[in-house]
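Following: one structure in structure tokens, then a few remarks.
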Amino acid sequence: MPELAEVEYHRKQWDPFIGRSARVAQLNPRARIFREVDPDHLVANIEGRRLLKSLRHGKRIRFDFAGGSRLGIQLGMTGAMRMADLSEREALDRHDHLVLETEDRLFVFRDSRMFGLVRFSAKGEELTWWPEGSPDVGDERYSRDFMLSFLERRGGAILKNVLLDQEGFPGVGNWMADEICWRAEILPSVRCRELSDAQKESLYVSVRAVSDDALRVIGHDYSTPPPEWLFTHRWKDGGLCPLPRCHGEPLVRQKIAGRTACFCRACQTEAG
DNA sequence: AACCCTGTTATCGA
DNA sequence: TTCGATAACAGGGT
């Protein structure tokens with residue numbers, strides 16, 4: 001389920017862990033999420049070390065432990081972080097692939113489909129999996145120039161596809177991409193090089209606005225977004241555009257660039 | 001029972 | 001090179 005704001009919410013679920021150390025209570029080394037790490041190495045360098053802080057970049061989470069160990073978590077389609085009471089130790093799910101236990105809590109990473117990923121770097125090992133120095137879309141330092149040069153580089157590609165590219169729009173997923181296009185009043189099927197300057201400006205403003213709104217509402221406590229967002233209507237059969245200007249045009253669902261896109265034919269246009 | 005999925009990567013061919 | 005379509009991953013919801 002997770003993109004930018006959902007990932008932020010999941011990251012915070014382990015906040016009570018900060019300042020404490022844990023032992024690994026459950027880890028299935030054959031689970032696919034460990035395909036890029038050596039589980040023994042990970043365990044040896046995490047157990048007994050205090051968690052110092054957590055960070056997020058786009059859809060990636062990072063936990064920094066005392067002694068220089070860094071644990072990376074990517075939630076994939078179905079990943080979830082949670083805190084649980086010690087009493088739940090006997091009731092763990094078969095998809096709870098990584099469970100850390102402090103003196104009074106369990107901290108669980110669950111992922112049923114296992115499209116998620118665990119990464120790890122001990123002290124001195126290179127952080128190849130963490131993007132440094134390129135702000136994600138939820139960061140106010142995410143700049144116009146960065147977005148514009150990425151759009152230029154991918155000029156021949158379909159906008160929806162480019163919005164989903166984590167290199168250019170770190171954190172954007174399927175619903176955010178649709179929400180961004182809808183707020184910018186641009187059809188998701190346009191080629192990037194067809195966008196006018198005004199549309200590109202509108203796109204940038206929408207990227208930042210959707211990211212900030214999502215972090216504020218969903219990232220804060222997983223609230224349901226208000227009906228003013230496309231979000232609330234996009235999966236409903238017979239969903240109507242909530243913008244007053246088109247008087248409730250039926251929303252269209254269509255596969256674009258391999259993913260289901262949802263848009264309003266009246267509000268969103270091709271050319272600027 | 002068939003079909004869907006808020007993600008990512010590899011591969012093929014245009 | 002760049003892009004899009006497709007499959008694959010593996011499970012659960014409708």
Side-chain angles (χ1 to χ4, degrees), chain A residues 1-11 28 30-37 56-61 72-81 92-97 109-119 128-131 136-138 149-183 188-195 207 210-211 213-215 217-219 222-225 229-239 251-263:
Chain A
M1 318 228 325
E3 36 198 286
L4 184 81
E6 292 90 348
V7 173
E8 175 65 6
Y9 175 82
H10 285 286
R11 179 190 68 80
N28 171 11
R30 290 184 312 284
R32 228 181 88 85
I33 57 165
F34 295 111
R35 61 195 177 275
E36 291 192 8
V37 296
R56 180 188 49 73
H57 183 283
K59 299 174 187 170
R60 297 182 180 195
I61 308 175
I73 302 267
Q74 204 166 304
L75 299 177
M77 283 284 257
T78 51
M81 323 286 299
L92 288 171
D93 188 272
R94 73 188 173 99
H95 300 305
D96 293 333
H97 301 298
F109 172 41
R110 162 160 28 190
D111 184 3
S112 58
R113 283 174 87 177
M114 289 192 287
F115 294 174
L117 205 50
V118 172
R119 289 184 253 239
T128 52
W129 45 270
W130 190 256
D136 71 21
V137 291
S149 64
F150 190 72
L151 288 180
E152 191 146 345
R153 184 145 65 87
R154 303 289 309 276
I158 289 168
L159 176 60
K160 168 95 187 199
N161 220 6
V162 174
L163 282 168
L164 290 172
D165 190 329
Q166 298 302 292
E167 198 185 321
F169 296 89
V172 172
N174 204 28
W175 78 255
M176 282 182 77
D178 284 353
E179 191 84 31
I180 288 163
C181 290
W182 178 74
R183 290 205 201 180
S189 51
V190 301
R191 305 269 165 185
C192 291
R193 72 164 60 97
E194 309 297 329
L195 293 169
V207 166
V210 168
S211 300
D213 286 353
L215 286 170
V217 174
I218 300 172
Y222 232 111
S223 295
T224 303
W229 298 17
L230 178 66
F231 184 98
T232 322
H233 311 270
R234 51 176 283 118
W235 291 123
K236 276 189 289 199
D237 276 333
L251 293 167
V252 178
R253 266 179 279 174
Q254 187 181 309
K255 273 245 197 290
I256 296 175
R259 307 294 299 276
T260 300
C262 178
F263 53 91

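Naming: A, B, ... by sequence-line order, numbering from 1 per chain. These numbers were taken from a predicted model, which means no experiment stands behind them.
- Within the structure, salt bridge (charged side-chain N to carboxylate O under 4.0 Å, His left out) pairs that include any residue of residues 162-171 of chain A comprise A:R153-A:E167, A:R154-A:D165 (at least two apart or interchain).
- Per the geometry, CD1 belonging to A:I61 stands 14 Å off P belonging to B:dG7, to the nearest Å.
- The side chain to side chain contact (heavy atoms under 4.5 Å, CB included) test applied to A:D213 returns A:R183, A:R216, A:W229, not counting sequence neighbours.
- Residues satisfying the side chain to side chain contact (heavy atoms under 4.5 Å, CB included) criterion with A:W235, sequence neighbours excluded, are A:R253, A:T260.
- Remark: P of B:dG7 and CG of A:D111 are 13 Å apart, rounded to the nearest angstrom.
- A:F263 meets the ring-ring contact (aromatic ring centres under 6.0 Å, His included) test with no other residue; sequence neighbours excluded.
- Between A:D237 atom CG and B:dC4 atom P the separation is 12 Å, expressed in whole Å.
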Please write out each protein N/O paired with an N/O of nucleotides 1-5 of chain C under 3.5 Å, distance rounded to 0.1 Å.
| residue | atom | partner | partner atom | Å |
| --- | --- | --- | --- | --- |
| C:dC3 | OP1 | A:G156 | N | 3.4 |
| C:dC3 | OP2 | A:R154 | NE | 3.0 |
| C:dG4 | OP1 | A:I158 | N | 3.1 |
| C:dG4 | OP1 | A:R191 | NH1 | 3.3 |
| C:dG4 | OP2 | A:N161 | ND2 | 2.8 |

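- When rounded to the nearest whole Å, the span between CZ of A:F34 and C1' of C:dC9 equals 17 Å.
- Under the side chain to side chain contact (heavy atoms under 4.5 Å, CB included) criterion, A:S223 pairs with A:V217, A:D221, sequence neighbours left out.
- Using a 4.0 Å heavy-atom cutoff across all strands shown, A:K255 reaches sugar-phosphate atoms only and no base atom.
- Note that CG of A:N28 is 11.0 Å distant from NE2 of A:H95, once rounded to the nearest 0.5 Å.
- What separates CG of A:D165 from C1' of B:dG7 is a distance of 13 Å, to the nearest Å.
- A stem is defined here as three or more consecutive Watson-Crick or G-U pairs, each with both distances under 3.5 Å; for DNA chain B these stems are B:2-5 with C:11-14, B:7-14 with C:2-9.
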Distances under 3.5 Å between protein N/O atoms and the N/O atoms of nucleotides 8-14 of chain B, please, pair by pair.
| residue | atom | partner | partner atom | Å |
| --- | --- | --- | --- | --- |
| B:dT8 | OP2 | A:K59 | NZ | 2.8 |

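- Taking atom P in both C:dC9 and B:dA1, the straight-line distance is 23 Å, to the nearest Å.
- Between A:R110 atom CZ and C:dG11 atom C1' the separation is 13 Å, expressed in whole Å.
- With sequence neighbours left out, A:F34 forms a ring-ring contact (aromatic ring centres under 6.0 Å, His included) with no residue at all.
- Contact annotation for A:R94: backbone-only contact, meaning every heavy-atom pair under 4.0 Å involves sugar-phosphate atoms and none involves a base.
- Under the side chain to side chain donor-acceptor pair (under 3.5 Å) criterion, A:N174 pairs with A:K160, sequence neighbours left out.
- Rounded to a whole Å, the CE atom of A:M114 is 5 Å from the P atom of C:dG11.
- Following rounding to the nearest Å, A:H97 (NE2) and C:dC9 (C1') show an atom-to-atom distance of 13 Å.
- Looking at A:H97, its side chain never comes within 3.5 Å of a backbone N or O of A:A31 through a donor-acceptor pair.
- Taking OH of A:Y9 as the start and CG of A:L215 as the end, the distance is 14.5 Å to the nearest 0.5 Å.
- By the side chain to side chain donor-acceptor pair (under 3.5 Å) test, A:E8 is found to be paired with A:R11, A:R56, residues two or more places apart in sequence or in another chain being considered.
- A:T260 has no side-chain polar atom (N or O) that falls below the 4.0 Å cut-off from OP1 or OP2 of B:dC4.
- The side chain to side chain contact (heavy atoms under 4.5 Å, CB included) test applied to A:R35 returns A:R32, A:L117, not counting sequence neighbours.
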